[in-house]
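This report refers to the structure that appears directly beneath it.
All chains are named by letter (A, B, ...) in the order of the sequence lines, taking the proteins before the strands, and each is independently numbered beginning at 1. If you're wondering where the values come from, they're calculated on a predicted model, not measured in any experiment. Side chains included, hydrogens not; waters and symmetry mates left out as well; all remaining heavy atoms used.
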Number of protein chains: 2
Amino acid sequence: MDAPNPYAATCPTRQLLDRIADKWTVLLLSLLNDGPIRFNQLRRLIEGISQKMLSQTLRKLERDGLVARKVIPTVPVTVEYSLTPLGETLTRTIDPLIHWAETHMSAVNDAQKLYDRTARG
Amino acid sequence: MDAPNPYAATCPTRQLLDRIADKWTVLLLSLLNDGPIRFNQLRRLIEGISQKMLSQTLRKLERDGLVARKVIPTVPVTVEYSLTPLGETLTRTIDPLIHWAETHMSAVNDAQKLYDRTARG
DNA sequence: CAGTATCCTTTATGATACTG
DNA sequence: CAGTATCATAAAGGATACTG
């Protein structure tokens with residue numbers, strides 16, 4: 001009786017997109033793929049991210065079971081973030097996207113320029 | 001002299017994410033992957049999308065050179081949308097993501113429940 | 001170092017009415 | 001059918017100050 005289509009509001013695809021379709025999530029996952037890393041290291045690596053968004057995005061990823069947070073009781077405290085096994089499976093599917101961006105974004109930019117010259121005044 | 005890291009504000013990955021990280025783009029690409037389709041067909045298939053967002057998202061995809069728009073001069077007019085070859089290459093990299101969602105989102109939902117029971121309350 | 005809290009601006013999205 | 005225009009709201013993101 002349920003709608004069989006994968007585009008229903010509650011389908012897994014929609015759920016996933018609602019979670020990762022933001023400015024920083026995919027970028028973070030991709031960075032964490034290189035191994036465990038500390039909060040301020042991430043902050044320095046990702047140009048332009050605010051402390052608030054880094055913290056918020058990491059907490060969401062932790063809640064989703066995609067990222068593990070490990071507190072090391074140094075003084076001051078050190079916190080290390082890493083992918084969980086589940087997070088690794090997701091990151092592996094995201095990786096080709098990064099590669100696509102590197103090889104095809106220039107074509108997209110060209111298409112935009114063409115569109116703006118023709119379809120517009 | 002440029003920052004060599006792929007997380008710089010202007011890197012292709014950031015550009016791509018800024019473009020597709022919204023509520024509907026990936027979903028639309030995935031649907032268009034099944035073949036050419038008309039405006040209102042898309043609208044009916046994607047539960048919850050507004051006319052405005054469908055129109056707006058399609059135009060952006062067209063501008064990016066990812067989707068082709070074909071006007072068929074019937075009365076009233078028919079408009080058919082389809083992936084361009086460039087759009088097809090992107091959609092192929094996105095496809096595994098849909099599959100990941102179908103097989104792993106239940107694990108994510110479980111993780112969320114666990115997190116909410118422990119890290120909270 | 002690794003955050004939280006608060007305020008504020010921008011962007012994204014939605015509802016509704018209208019058109020060739 | 002396939003849109004556009006306008007108004008309104010919600011959600012995302014950023015700046016800044018503060019804390020164990």
inquiry  = Within residues 68-83 of chain B, which residues have any heavy atom lying less than 4.0 Å from an atom of DNA chain D?
reply    = B/Arg69, B/Pro76, B/Val77, B/Thr78, B/Val79, B/Tyr81
query = Near DNA chain D, which residues from residues 24-34 of chain B have a heavy atom under 4.0 Å away?
reply =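 Heavy-atom contacts with DNA chain D come from no residue of residues 24-34 of chain B; none.
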inquiry  = Just to verify, what does B/Val71 make a side-chain contact (heavy atoms from CB on, under 4.5 Å) with, not counting sequence neighbours?
reply    =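 In terms of side-chain contact (heavy atoms from CB on, under 4.5 Å), with neighbours along the sequence ignored, B/Val71 is linked to B/Arg69, B/Val77, B/Val79.
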ask   = Closer than 4.0 Å, any side-chain N/O of B/Arg38 to the OP1 or OP2 of D/dA2?
value = yes
Measure from [atom1] on [X] to [atom2] on [N] and round the result to the nearest Å.
{"X": "B/Ile20", "N": "C/dA12", "atom1": "CD1", "atom2": "P", "answer": "14 Å"}
{"X": "A/Gln41", "N": "C/dC1", "atom1": "CD", "atom2": "C1'", "answer": "11 Å"}
{"X": "B/Ile49", "N": "D/dG3", "atom1": "CD1", "atom2": "C1'", "answer": "14 Å"}
{"X": "B/Arg14", "N": "D/dG13", "atom1": "CZ", "atom2": "P", "answer": "12 Å"}
{"X": "B/Asp18", "N": "C/dT10", "atom1": "CG", "atom2": "P", "answer": "17 Å"}

message = With salt bridge (Lys or Arg N to Asp or Glu O under 4.0 Å) as the rule and sequence neighbours excluded, what pairs involving residues 22-34 of chain A come up?
response =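 Sorted result for residues 22-34 of chain A: empty, none.
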request  = Starting at the 5' end of DNA chain C, write a dot or bracket for each base, bracketing those in Watson-Crick or G-U wobble pairs whose two distances are under 3.5 Å and using | for partners on another strand.
outcome  = ||||||||||||||||||||
Same cluster (ILVMFWY, side-chain, under 4.5 Å), A/Ile46 and B/Leu16 =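 Hydrophobic grouping puts A/Ile46 apart from B/Leu16.
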List every contact pair, protein side and nucleotides 4-9 of chain C side both N or O, where the distance is under 3.5 Å.
from: C/dT4; atom 1: OP1; to: A/Arg59; atom 2: NE; distance (Å): 3.3
from: C/dT4; atom 1: OP2; to: A/Ser55; atom 2: OG; distance (Å): 2.6
from: C/dT4; atom 1: OP2; to: A/Arg59; atom 2: NH2; distance (Å): 3.2

